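As the structure is a prediction and not an experimental result, all values here were calculated from the model.
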Amino acid sequence: MVVNTRVNIAGVVFVNPVIAASGTYGFGREYSDYVDLNKIGGISVKGLTLQPRLGNDTPRIAETPSGILNSVGLQNPGVDAFIRDEIPYLKQFDTKIIANIAGNTVSDYIEMAEKLDCTGIDILEVNVSCPNVKKGCLAFGTTMSGVAEVTKAVRKATKKPIMIKLTPNVSDIASIALSAEAEGADAVSLINTITGMVIDVNTRRPVLANNTGGLSGPAVRPVAVRMVHEVYKSVSIPVVGMGGICSAEDAIQFILAGASAIMVGTWNFNNPRACSDVAEGIKSYMEENSISDVSKLTGELIMNGD
Amino acid sequence: MVVNTRVNIAGVVFVNPVIAASGTYGFGREYSDYVDLNKIGGISVKGLTLQPRLGNDTPRIAETPSGILNSVGLQNPGVDAFIRDEIPYLKQFDTKIIANIAGNTVSDYIEMAEKLDCTGIDILEVNVSCPNVKKGCLAFGTTMSGVAEVTKAVRKATKKPIMIKLTPNVSDIASIALSAEAEGADAVSLINTITGMVIDVNTRRPVLANNTGGLSGPAVRPVAVRMVHEVYKSVSIPVVGMGGICSAEDAIQFILAGASAIMVGTWNFNNPRACSDVAEGIKSYMEENSISDVSKLTGELIMNGD
Amino acid sequence: MNLNALVISNEILCKNNMLMRLFVPDIAAKAKPGQFLNIICSSDNKLILRRPISIMDADAEKGCVDIGYEIRGEGTMLLAEQKKGAKIDVMGPLGNGFCIDDNFSNIAIVGGGIGIYPLYFLAKSLGECNIDVFMGYQCAGKVILEDEFKTEGCNVYLSTDDGSRGHSGFITELFSKTYKPGRYDMIFVCGPEIMSRKVVLMVRSNGERSQVSLEERMGCGIGACLVCSCEVKTAEGIGRKTVCKDGPVFNGDIVFPEVD
Amino acid sequence: MNLNALVISNEILCKNNMLMRLFVPDIAAKAKPGQFLNIICSSDNKLILRRPISIMDADAEKGCVDIGYEIRGEGTMLLAEQKKGAKIDVMGPLGNGFCIDDNFSNIAIVGGGIGIYPLYFLAKSLGECNIDVFMGYQCAGKVILEDEFKTEGCNVYLSTDDGSRGHSGFITELFSKTYKPGRYDMIFVCGPEIMSRKVVLMVRSNGERSQVSLEERMGCGIGACLVCSCEVKTAEGIGRKTVCKDGPVFNGDIVFPEVD
Ligand SMILES: Cc1cc2nc3c(=O)[nH]c(=O)nc-3n(C[C@H](O)[C@H](O)[C@H](O)COP(=O)(O)OP(=O)(O)OC[C@H]3O[C@@H](n4cnc5c(N)ncnc54)[C@H](O)[C@@H]3O)c2cc1C
Ligand SMILES: Cc1cc2nc3c(=O)[nH]c(=O)nc-3n(C[C@H](O)[C@H](O)[C@H](O)COP(=O)(O)OP(=O)(O)OC[C@H]3O[C@@H](n4cnc5c(N)ncnc54)[C@H](O)[C@@H]3O)c2cc1C
Ligand SMILES: Cc1cc2nc3c(=O)[nH]c(=O)nc-3n(C[C@H](O)[C@H](O)[C@H](O)COP(=O)(O)O)c2cc1C
Ligand SMILES: Cc1cc2nc3c(=O)[nH]c(=O)nc-3n(C[C@H](O)[C@H](O)[C@H](O)COP(=O)(O)O)c2cc1C
Ligand code: FES
Ligand code: FES
């Protein structure tokens with residue numbers, strides 16, 4: 001059976017619904033020895049800031065049961081270097097380019113959006129959910145008004161499709177998503193990491209130099225699937241789902257719950273071919289289950305008791 | 001070295017800081033073949049409601065990476081049956097009795113608190129955090145005003161020490177804890193489960209009959225440790241920590257983060273002796289590290305960069 | 001971990017099905033038909049929950065317990081990888097087993113798929129009865145314990161869903177052809193819910209007695225967490241009991257309460 | 001999982017230390033001293049992160065790579081349990097190794113503990129140099145590769161923290177006694193940070209060259225996640241490089257930038 005794995009998000013057509021998650025895939029080139037970048041739908045690049053950032057002290061990672069905690073703290077070469085050095089490289093491939101931006105202030109977001117507006121990127125992912133920086137970012141993402149403010153400002157600053165990346169560290173993620181939609185977001189992506197801490201009982205100190213970090217990986221998957229479903233039910237813009245995806249089966253959970261596309265993050269560290277393996281696996285699932293179009297699976301969850 | 005494992009929470013002295021978590025230990029008697037109930041600090045009994053409840057449909061449990069999702073939905077014989085049938089049994093042991101109550105309405109909480117006031121229980125644990133019932137409970141737990149309202153009402157209704165059990169499904173757990181403290185809570189316990197969902201991609205239905213359930217077990221531990229620390233820094237009443245504790249080392253993470261006592265839940269299913277094993281392990285850790293009094297460890301976390 | 005059970009053997013029984021013999025004298029001494037073990041399948045605790053598996057046979061003298069199981073998911077797959085000589089963590093015997101009455105003389109046993117495993121220990125324990133065993137399988141390749149039941153002197157009736165052995169169709173069809181009120185003193189049932197329900201209701205509609213072993217996903221396995229609830233008739237209407245502790249074997253009169 | 005490496009042997013080298021030989025021809029053909037493998041230690045993926053372990057030796061003809069490792073935590077413990085014949089998932093060779101110059105004639109190698117493993121492959125690759133190897137261990141029981149370095153014609157200087165073998169104290173003491181500006185063309189360093197820092201700064205303060213292999217916790221191992229950053233001197237002041245891709249071996253002139 002011929003199956004169509006293409007998905008259209010805010011007018012951008014991805015060859016398949018698998019996108020590499022921001023912060024785990026560098027600028028794509030690092031994985032090019034392992035994955036044919038033409039074979040994955042998109043790449044969300046490392047979170048960018050207006051100025052280059054050195055990030056937090058090390059250690060920046062800890063392994064937890066079925067998860068990891070990271071506190072990279074947005075180390076990146078800055079948006080200008082990204083435009084200069086990375087976009088031309090990525091443009092060689094079919095994969096779509098998602099620029100992930102994180103600001104300390106609303107004007108940071110505006111300035112970055114303006115700089116990226118006339119570049120070759122496909123979607124702007126507005127990160128209001130990084131738990132590892134002291135100022136801005138997550139502070140915006142935990143309230144409806146903060147998300148609305150950033151979304152509105154970025155919406156004005158660019159003609160590119162914008163996707164707001166939401167934090168799970170909230171009581172009601174569906175309302176937060178609604179406030180992004182109301183201010184003109186073309187899509188939302190979720191979940192970013194859940195704030196966590198691991199303590200070394202011998203030194204009596206947190207393992208991470210930054211004390212806390214963001215939890216990701218399979219451990220968070222049930223939480224992420226639930227949140228994707230809540231957001232899907234409340235908004236009418238596309239939802240990009242992530243959190244602990246390791247396999248096609250995991251990806252399909254998110255798609256059934258309402259995701260139009262999914263992202264793979266942490267699992268790239270375990271399996272550098274994770275993104276293309278998941279894409280292949282989705283195709284096989286479609287073939288086995290006679291699903292002609294992957295977008296027909298989105299939201300096809302059947303609730304019990306209905 | 002002689003070590004003192006006793007802890008005092010709101011005037012109640014526990015032989016050690018290990019308490020069986022509500023909903024995982026029945027009414028204690030179920031575990032008496034495996035554990036000498038005199039050897040564990042306390043037992044928080046299955047969440048009680050005013051009327052007997054049958055709970056949700058089955059399946060009520062799903063295994064997730066390093067965690068489980070449950071949707072028991074507060075099946076219990078009701079508070080009257082508890083008072084009649086279970087308190088006399090538990091009173092034979094040194095272990096302290098914590099009655100965990102969950103209401104649909106504020107008056108449910110009041111009525112249960114009144115009924116339990118003149119019984120042999122030691123602490124009333126006010127559950128405003130069960131994600132598996134349609135009405136009440138978690139609805140109170142996610143706002144400061146809801147928690148304040150329930151705490152205030154229960155405070156008036158009983159002279160027993162009250163401990164408010166908090167949900168992690170919130171943006172700012174420290175503020176929620178503060179509102180409990182402000183209304184007279186003697187302690188807080190956290191975390192209850194994080195709402196999650198697992199989907200069977202073959203049936204396209206959630207695995208749990210109730211669709212969503214509460215995530216617990218090692219997967220949530222880093223989140224729980226972080227939250228215990230946040231709450232500890234903000235309130236001055238004792239904090240009882242839980243979430244994924246399997247070993248003495250895990251327990252000590254919580255104690256260093258600020259817990260005066262800890263609870264073991266999910267891990268009892270894996271190891272029916274978990275509570276007493278953790279208590280033993282804490283004692284060994286104290287001996288090895290020459291810690292004379294376990295309460296001296298509470299909050300002894302050293303932050304990096306300070 | 002409490003590595004109290006020694007794997008004596010762990011061999012393929014038929015497609016996807018394994019027979020494991022454990023040396024675990026404490027449990028062997030106490031085991032009764034219908035009871036189960038609750039097993040840690042992964043040696044590194046990758047899986048949190050234990051897996052309930054019925055006791056298929058127990059030899060108190062040798063200190064051995066046999067279990068038969070089908071590989072269904074990650075847990076049973078890891079169990080299948082356990083080698084002779086390995087030590088595993090087993091709780092048991094758990095639950096309430098079948099009630100056996102010395103006055104039984106004519107007995108029917110109806111089992112489907114993995115539900116057949118615990119029925120073997122039952123048949124062995126029934127003594128001098130006349131036993132008709134009705135066993136339903138998916139296909140010929142999954143027929144298990146046929147000879148073993150025959151060796152115990154049982155009359156074996158066989159069906160397969162695909163007709164590759166015995167009667168073609170469901171075992172309930174074969175049973176209903178043979179069953180007549182008054183013919184059996186007790187009917188023991190274990191298998192997929194749809195099968196058990198059919199047999200129990202048929203028997204119950206004739207005012208006769210049955211005992212049925214139920215399955216439910218479990219947390220604690222010892223009656224503490226109420227994860228494994230099943231509905232039963234009570235004096236007040238419909239109540240709930242735990243499959244792990246009140247069951248897994250229940251009197252056919254009280255289960256499937258919603259139907260009458 | 002990409003089970004590309006076959007375990008040929010996995011044996012105890014000394015207390016808590018193991019030597020594993022892998023058949024992994026692709027990697028063996030490319031490996032350079034100072035590069036490392038990134039290994040999935042648990043066969044059931046219980047651990048998410050790979051563990052970085054240096055290449056201790058590589059034989060392109062036989063297709064074999066050797067690694068030496070100390071059991072420190074769960075990952076290395078699981079690795080130690082891998083049996084001959086097992087297949088494991090290994091990425092490599094990763095990172096930038098040591099730079100070897102054909103003109104080298106006098107070389108010092110300073111290693112501490114597990115840092116000594118990669119230095120063996122280095123020593124073997126240095127050709128006809130005169131090599132002084134300074135190796136520090138916790139105690140006599142943990143002395144590794146002494147004979148192997150001697151067989152390669154190196155002059156071995158040994159110390160143990162507790163004085164149970166060789167010089168009593170830190171290897172930096174032994175090195176600083178021997179070291180004189182001009183004596184070595186290059187000084188190679190790998191070990192605990194405190195040791196590396198001391199040696200590198202000593203050498204640097206004399207305006208001489210060193211190469212040092214650093215350790216940092218890793219995520220991806222290939223330069224994508226920036227988890228393994230270390231500080232280095234750059235034209236603009238202090239910058240960061242990745243230990244996994246820019247390193248693990250760095251020029252001694254740029255590391256530990258905060259000190260000058
Ligand atoms: C009282 C009792 C006795 C049983 N006896 C046998 C037996 O003798 N032989 C045999 O092959 N099987 C038996 N089963 C079924 C067996 O428990 C499941 O096949 C097994 O738990 C599947 O685990 P898994 O990890 O391989 O599958 P998965 O589907 O990956 O398991 C996921 C989760 O669901 C639970 N689960 C899945 N299927 C069942 C089920 N049918 N019943 C209960 N929990 C389930 C698992 O325990 C686990 O927690 C029995 C079940 C019960 C309740
Ligand atoms: C480039 C490089 C080369 C190395 N070469 C060797 C070698 O040849 N032989 C050897 O014995 N060891 C070597 N190490 C150290 C080795 O990686 C750690 O001892 C190992 O990761 C510990 O894993 P664990 O699960 O046993 O310990 P745990 O402490 O349980 O590990 C927890 C986490 O911390 C990480 N971690 C712990 N210690 C280190 C460390 N020192 N460096 C980096 N990550 C760490 C682990 O990878 C894991 O993610 C090297 C490290 C690096 C960075
Ligand atoms: C090391 C690391 C760095 C990350 N950096 C970013 C980032 O810069 N911007 C961002 O929006 N998300 C970042 N994330 C979050 C991921 O994009 C993703 O939302 C999260 O990890 C959940 O997906 P996963 O479980 O598949 O990893 C990072 C995650 C990790 C593990
Ligand atoms: C099966 C099950 C039932 C539970 N029932 C209750 C309950 O009735 N009342 C309550 O306050 N918490 C209940 N909890 C939450 C636990 O008490 C505990 O807060 C949570 O599981 C986190 O701890 P753990 O990771 O050690 O299990 C339940 C948890 C489980 C797994
Ligand atoms: S599994 Fe816990 S009560 Fe049955
Ligand atoms: S470990 Fe990812 S950049 Fe080095």
Report yes or no: do Tyr117(D) and Asp57(D) form a side-chain donor-acceptor pair below 3.5 Å?
-> no
Report the residues that fulfil side-chain contact (heavy atoms from CB on, under 4.5 Å) with Val128(A), sequence neighbours left out, ordered by chain and then residue number.
-> Tyr109(A), Val126(A), Phe140(A), Val147(A), Val150(A), Ile164(A)
State, to 0.1 Å, how close Ala28(D) and Gly63(D) come at their nearest heavy-atom pair, and which atoms those are.
-> CB-C, 3.5 Å
Produce the donor-acceptor pair table for chain D versus chain A, cut-off under 3.5 Å.
from	atom 1	to	atom 2	distance (Å)
Asn45(D)	OD1	Asn270(A)	ND2	2.9
Ile48(D)	N	Glu63(A)	OE2	2.5
Ile48(D)	O	Asn270(A)	ND2	2.9
Leu49(D)	N	Glu63(A)	OE2	3.3
Arg50(D)	NE	Phe269(A)	O	3.4
Arg50(D)	NE	Asn270(A)	O	3.0
Arg50(D)	NH2	Asn270(A)	O	2.6
Arg51(D)	NH1	Glu63(A)	OE1	2.7
Arg51(D)	NH2	Glu63(A)	OE1	3.2
Glu216(D)	OE1	Thr58(A)	OG1	3.1
Glu216(D)	OE2	Thr58(A)	OG1	3.4
Ala224(D)	O	Gly26(A)	N	3.1
Leu226(D)	O	Arg60(A)	NH1	2.5
Ser229(D)	OG	Arg60(A)	NH1	3.2
Ser229(D)	OG	Gln75(A)	OE1	2.4
Ser229(D)	OG	Gln75(A)	NE2	3.3
Arg240(D)	NE	Leu54(A)	O	2.8
Arg240(D)	NH2	Asn56(A)	O	3.4

Can you pull the ring-ring contact (aromatic ring centres under 6.0 Å, His included) pairs that have at least one residue in residues 70-98 of chain D, sequence neighbours excluded?
-> Phe98(D)-Phe188(D)
Do Leu6(D) and Leu22(D) come within less than 4.5 Å of each other through their side chains, counting heavy atoms only?
-> no
Chain D contact via Val45(A) - side chain, backbone, both or neither, heavy atoms under 4.5 Å = neither
Over 12 non-hydrogen atoms of neighbours within 6.0 angstrom of CD1 in Ile12(D) = no
Results of ring pair (Phe, Tyr, Trp, His ring centres under 6.0 Å) for Phe27(A) - residues two or more places apart only = Phe82(A)
Under a 4.5 Å heavy-atom cut-off, does chain A meet the side chain of Met218(D), its backbone, both or neither?
-> backbone
